[in-house]
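For reference, the structure is listed below as structure tokens.
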Amino acid sequence: MTSTSPSTTGTAAPVVEAVGVHKSFGSLEVLRGIDMQVAEGEVVCIIGPSGSGKSTFLRCINHLERINAGLLSVHGQLVGHRLVGEKLYELKDKDICTRRAEIGMVFQQFNLFPHMTVLQNIIEAPVGVKGENKKVVTARAMELLGRVGLADKRNAYPRHLSGGQQQRVAIARALAMQPRLMLFDEPTSALDPEMVGEVLAVMKDLAREGMTMVVVTHEMGFAREVADRVVFMDEGRIAEQGTPHELMSNPTHPRTRAFLDSVL
């Protein structure tokens with residue numbers, strides 16, 4: 001896997017850039033000033049205890065959650081906003097959807113349409129949202145189903161698939177939009193243990209192909225093997241980050257050490 005970390009990208013613009021990002025739900029402050037960059041082709045795994053803000057930050061990247069302060073951009077464009085002077089203005093829904101189309105996201109739950117076949121689930125957004133040619137999208141969908149090992153399930157409905165199969169369809173559905181960035185929010189947490197490996201294998205293939213990925217995960221083995229950088233979050237802040245070897249073998253923050261001692 002070839003990739004570069006933010007420290008070696010020179011003048012290349014980061015794919016994701018967060019500057020002082022804050023997010024609250026009422027009086028509960030979930031993100032307390034997140035600063036992060038993700039370079040082209042980089043795989044960043046975010047780890048940390050439940051409630052640390054990992055999933056909230058991921059949802060902020062594609063504007064499923066609106067930030068309260070700071071700046072968050074993807075490929076140099078602010079997420080969900082435009083900046084006029086020093087004031088942020090919310091984009092129209094149509095413009096948000098246009099920008100979001102370049103960001104694929106895979107959730108903990110599969111979120112497939114139960115009344116649609118596997119193939120229909122995959123082609124729905126490219127045809128309905130982007131207005132692409134159905135024949136072209138169908139060919140792409142079949143290629144993606146082949147990549148995730150489910151070409152023979154094109155006419156099956158989600159209820160007839162295992163959890164691991166449904167999550168692989170969800171990955172194919174996200175890839176059908178031809179995103180430049182993939183976000184994974186604990187994609188294996190809802191799966192039975194024996195199904196985890198088949199989903200992680202697809203993600204490893206994506207990483208080897210150079211897809212830029214931000215992955216919230218509890219799968220420490222996956223983070224160690226695939227990530228270029230591991231970010232540890234705690235109480236809404238980034239406590240520590242580094243290469244998998246640096247962070248997992250020699251963490252410097254006491255909270256990181258305590259967390260890794262509990263999960264490794």
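These numbers were taken from a predicted model, which means no experiment stands behind them.
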ask   = Just wondering, do P14 and V38 contact through their side chains at under 4.5 Å, heavy atoms?
value = no

message = Do H75 and Q77 have side chains that approach each other closer than 4.5 Å (heavy atoms only, starting at C-beta)?
response = no

inquiry  = Quick check against the 3.5 Å criterion: does R168 have a side-chain atom that pairs as donor or acceptor with the backbone of V199?
reply    = no

request  = Please check if I61 and M177 belong to a single hydrophobic cluster, counting links between Ile, Leu, Val, Met, Phe, Trp and Tyr side chain heavy atoms closer than 4.5 Å.
outcome  = no

task = Verify, without hydrogens or angle tests, whether Q120 (side chain) and T117 (backbone) share a donor-acceptor contact under 3.5 angstrom.
result = yes

request  = Measure the OG-CD1 distance between S24 and I67 for me, rounded to the nearest 0.5 Å.
outcome  = 11.5 Å

ask   = So, E65 versus T56: side-chain donor-acceptor pair below 3.5 Å or not?
value = no

query = Is there a side chain to side chain contact (heavy atoms under 4.5 Å, CB included) between H218 and V263 once you walk through the steps?
reply = CA-CA 8 Å; H218 291 296; V263 299; over 6 Å; no

query = Hey, does the Lys NZ or Arg CZ of K23 hover above the aromatic six-ring of F25, less than 6.0 Å from the centre and inside 45° of the axis?
reply = yes

query = Can you check whether K135's main-chain N or O pairs, donor with acceptor, with N133's side chain at less than 3.5 Å?
reply = yes

ask   = Side chains of P114 and R159: closer than 4.5 Å at any heavy-atom pair?
value = no

query = Can you tell which of Q37, E42, E246 makes a side-chain hydrogen bond (donor to acceptor under 3.5 Å, both in side chains) with R229?
reply = E42

query = Looking at Y157 and H115, what are the two nearest heavy atoms and their distance?
reply = CE2-O, 3.4 Å

query = Between R208 and D205, is the closest basic N to carboxylate O distance under 4.0 Å?
reply = yes

task = Determine yes or no for a side-chain-to-main-chain donor-acceptor pair under 3.5 angstrom, with T212 supplying the side chain and G41 the backbone.
result = yes

4.5 Å side-chain heavy-atom contact, R224 and L264 = yes

request  = Evaluate the criterion side chain to side chain contact (heavy atoms under 4.5 Å, CB included) for residue pair V214 and L181; output intermediate values, then yes/no.
outcome  = CA-CA 8 Å; V214 182; L181 167 68; 4.3 Å; yes

message = For the backbone of I103 and the side chain of N62, can you confirm whether one donor and one acceptor N or O come within less than 3.5 Å of each other?
response = no

inquiry  = If I take atom CD from residue Q241 and atom CG from residue L247, how far apart are they, to the nearest 0.5 angstrom?
reply    = 9.0 Å

request  = Determine yes or no for a side-chain-to-main-chain donor-acceptor pair under 3.5 angstrom, with Q167 supplying the side chain and P187 the backbone.
outcome  = yes

query = Would you say the side-chain atoms of S55 and D185 include a donor-acceptor pair closer than 3.5 Å?
reply = yes

inquiry  = I need the L64 CG to L183 CG distance, nearest 0.5 Å.
reply    = 9.0 Å

Short side-chain donor-acceptor distance under 3.5 Å, T256 and E240 = yes

request  = Quick one: list whatever passes salt bridge (charged side-chain N to carboxylate O under 4.0 Å, His left out) with K134, sequence neighbours left out.
outcome  = none

request  = Would you indicate whether the side-chain heavy atoms of I238 and M36 approach each other to under 4.5 Å?
outcome  = yes

Exam field: side chain R82 to backbone Y89, donor-acceptor pair closer than 3.5 Å = no

query = Of all residues at least two apart in sequence or in a different chain, which pass the ring-ring contact (aromatic ring centres under 6.0 Å, His included) check with H81?
reply = H63

inquiry  = In this structure, would M220 and L200 fall into the same cluster of hydrophobic residues linked by side-chain contacts under 4.5 Å?
reply    = no

query = Taking it one step at a time, do V21 and L71 satisfy side chain to side chain contact (heavy atoms under 4.5 Å, CB included)?
reply = CA-CA 6 Å; V21 169; L71 296 173; over 6 Å; no

inquiry  = Determine whether S52 and E235 satisfy the following criterion, side-chain hydrogen bond (donor to acceptor under 3.5 Å, both in side chains), listing intermediate values before the conclusion.
reply    = CA-CA 5 Å; S52 59; E235 296 185 344; over 6 Å; no

ask   = Would you find a donor on one side and an acceptor on the other, under 3.5 Å apart, between the side chain of N121 and the backbone of M116?
value = yes

ask   = Below 4.5 Å, heavy atoms only, C-beta onward: do V106 and M182 meet side chain to side chain?
value = yes

ask   = Quick check: are there more than 12 heavy atoms from other residues, nucleotides or ligands sitting under 6.0 Å from CD of Q178?
value = yes

ask   = Looking only at atom types and distance, does a side-chain atom of R99 sit under 3.5 Å from a main-chain N or O of L78, one as donor and one as acceptor?
value = yes

query = Would a 4.5 Å heavy-atom cut-off, applied to side chains only, mark V230 and I47 as touching?
reply = yes

request  = Kindly indicate whether the side chain of E132, heavy atoms from C-beta on, has any atom under 4.5 Å from the side chain of R140.
outcome  = yes

